[in-house]
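What follows is a short report on a single structure.
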There are 2 protein chains.
Amino acid sequence: MQPGAAARTRKPLSRKRILAAAVALADDGGVAALSMRKIAAALGVVPMALYKHVANKDELLDGMIDAVVGEIDPPAAGVDWKPAVRGRVLSARRMLLRHPWAPGVIEARMKARSAPTPAVLGYLDSMIGIFRAGGFTLDLVHHAMHIMGSRVLGFSQELFEDSPGGEPDPDALPPEQMAARYPHVTELAMAVAHDAESVVGAGCDDQLEFEFALDLMLDGLERLRRAS
Amino acid sequence: MQPGAAARTRKPLSRKRILAAAVALADDGGVAALSMRKIAAALGVVPMALYKHVANKDELLDGMIDAVVGEIDPPAAGVDWKPAVRGRVLSARRMLLRHPWAPGVIEARMKARSAPTPAVLGYLDSMIGIFRAGGFTLDLVHHAMHIMGSRVLGFSQELFEDSPGGEPDPDALPPEQMAARYPHVTELAMAVAHDAESVVGAGCDDQLEFEFALDLMLDGLERLRRAS
DNA sequence: ACCTGAACACCGTTCAAGT
DNA sequence: ACCTGAACACCGTTCAAGT
């Protein structure tokens, strides 16, 4: 028995510990940097030991999804549908900011298995329940769920985000070429970021923008609900 | 010179041919099944031959993004901002239906390099230009771009889609357990799909739902534009 | 019965050897 | 100078050998 062996084996390996280590690894480093071998190394365990608790990597990713979806606050009780949905969505957003890899993993899983994980299904179910309790017809709830989940351009608002992780683009255009080739992007970026540290993205309050978009959708839904 | 060599070398290898082969491979099989070695095999070429035309796999993915974004129709000229934006977004959607891997690749690239590819930047620029020409203030265009790109729940509307590619979930719950555990999802699914082939998703007109969500956003933007 | 090291079939990419 | 096979450092997972 070599020194340190006791410390390493103090906490026995479990599915929960494996998932926590995997989520932590994905949080800093992205899901691309996640490997069974690295998870095992982080836990001080041989790679094959993981396979006692998770069937394979896909099943591990499913477990990670359920773990982070479980972090979303439960719906507020005794409030109107609009603040209830609003609070739920903003809580989901906070979770996604902690685990930016989650949307991609959820979507990939959806495309592969064409069904969400139980936790995601539970989240959707409770969201539908809020709309129903708020007096929405089934038809309008259906529309609402599509609206809440739609991503109109297929890529998200992080497009303009100045993510601190990535290193600056090595072949970025000089500002004057940028302005000549993309005049509207440049004009908008200049207007948004008076403190012109970076041409694109700096000085944009993403939380405010997110809530602005959310409220636009909620107000639109409220109008439809009243008309129906 | 063995038979077939002439046929294989008739078309010389080029960046465009490589990108076309890569896009075709990703279209059926997903981006996970895409590998330098498979692209080379599809072109009847040794893997290392690709590296004369693309620097590495990341740069190849960038090229694939620009290729498919180039498929989006140019903006209609001489029309009001609303039909112009509407047409552009619906054209983008058609492209994304042909290349369902594109959003994930665009997002991954954004997260890694924190800057969109030139073609994506060009698309955004022209979209901003449409709003500006329609009389939107810079501030409102900024909001509008966030609204168009936002994905409120972090996962897309394909959540409920009955994608034909994936095989049926092996550990799907029987309908009665489904109804007990996810009552609202089940109620909604039953209402939407009267032809109850599959419990979730069948009979939902995604194109209609997409346009419904799009129009809700466009109408909301129009109201804001008039108020400003 | 349980655990695990070696092995297999992949992957992107480097690099030196061959022409 | 150009091309390319072998090799390197990874990966998820199988499987048989060891305890």
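Lettering of chains follows the sequences in order, A, B, ..., and the numbering in each one begins at 1. No hydrogens, no waters, no symmetry mates; every other heavy atom, side chains included, goes into these values. Values in this document were obtained by computation on a predicted structure and should not be read as measured data.
Between the NE2 atom of His53(B) and the C1' atom of dT13(C) there is a distance of 18 Å, rounded to whole Å. Residue Glu59(A) contributes atom CD, which lies 11 Å from atom P of dT13(D) at whole-angstrom precision. Put simply, NZ on Lys57(B) is 8 Å from C1' on dC11(C), counting in whole angstrom units. Across the protein-nucleic acid pair, Lys38(A) atom NZ and dC10(D) atom C1' stand 9 Å apart, rounded to whole Å. Per the geometry, CG belonging to Leu61(B) stands 14 Å off C1' belonging to dC11(C), to the nearest Å. Between the CG atom of Leu60(A) and the P atom of dT13(D) there is a distance of 10 Å, given to the nearest Å. Following rounding to the nearest Å, Leu50(A) (CG) and dC3(C) (C1') show an atom-to-atom distance of 13 Å. Straight-line distance from the NZ atom of Lys52(B) to the P atom of dC15(C): 14 Å, rounded to whole Å.
dA9(D) makes up no base pair with any nucleotide shown, lacking Watson-Crick or G-U wobble contacts both under 3.5 Å. For dC2(D), the paired base is dG18(C) (Watson-Crick or G-U wobble, both distances below 3.5 Å).
Asp66(A) and Thr117(A) form a side-chain donor-acceptor contact under 3.5 Å, judged by distance and modelled atom types alone.
Each of dG12(D), dG12(C), dC3(D) was ranked by its minimum atom distance to the side chain of Ser35(A); first place goes to dG12(D). You'll find that the side chain of Met48(A) is closest to dT13(D), out of dT13(D), dC3(D), dA6(D). Candidate nucleotides dT4(C), dT13(D), dG5(D) were compared by shortest atom distance to the side chain of Ala49(A), and dT4(C) ranks first. When distances are taken from the side chain of Arg37(A) to each of dG12(D), dA6(D), dT4(C), the shortest belongs to dG12(D). Of the candidate nucleotides dT4(C), dG12(D), dT13(C), dT13(C) has the atom lying nearest to any side-chain atom of Tyr51(B).
Here the shortest heavy-atom pairing between Val69(B) and Ala119(B) reads CG1-O, 3.6 Å. Between Leu34(B) and Ala26(B), the shortest heavy-atom distance links the atoms CD1-N, 4.2 Å.
For Lys57(A) (side chain) and Met36(A) (main-chain N/O), no donor-acceptor pair under 3.5 Å exists by modelled atom type.
Nucleic acid contact for Met36(A): sugar-phosphate only, since backbone atoms but no base atoms lie under 4.0 Å from a heavy atom of the residue.
The pair Glu59(B)-Arg15(B) counts as a salt bridge, with a side-chain nitrogen and a carboxylate oxygen less than 4.0 angstrom apart.
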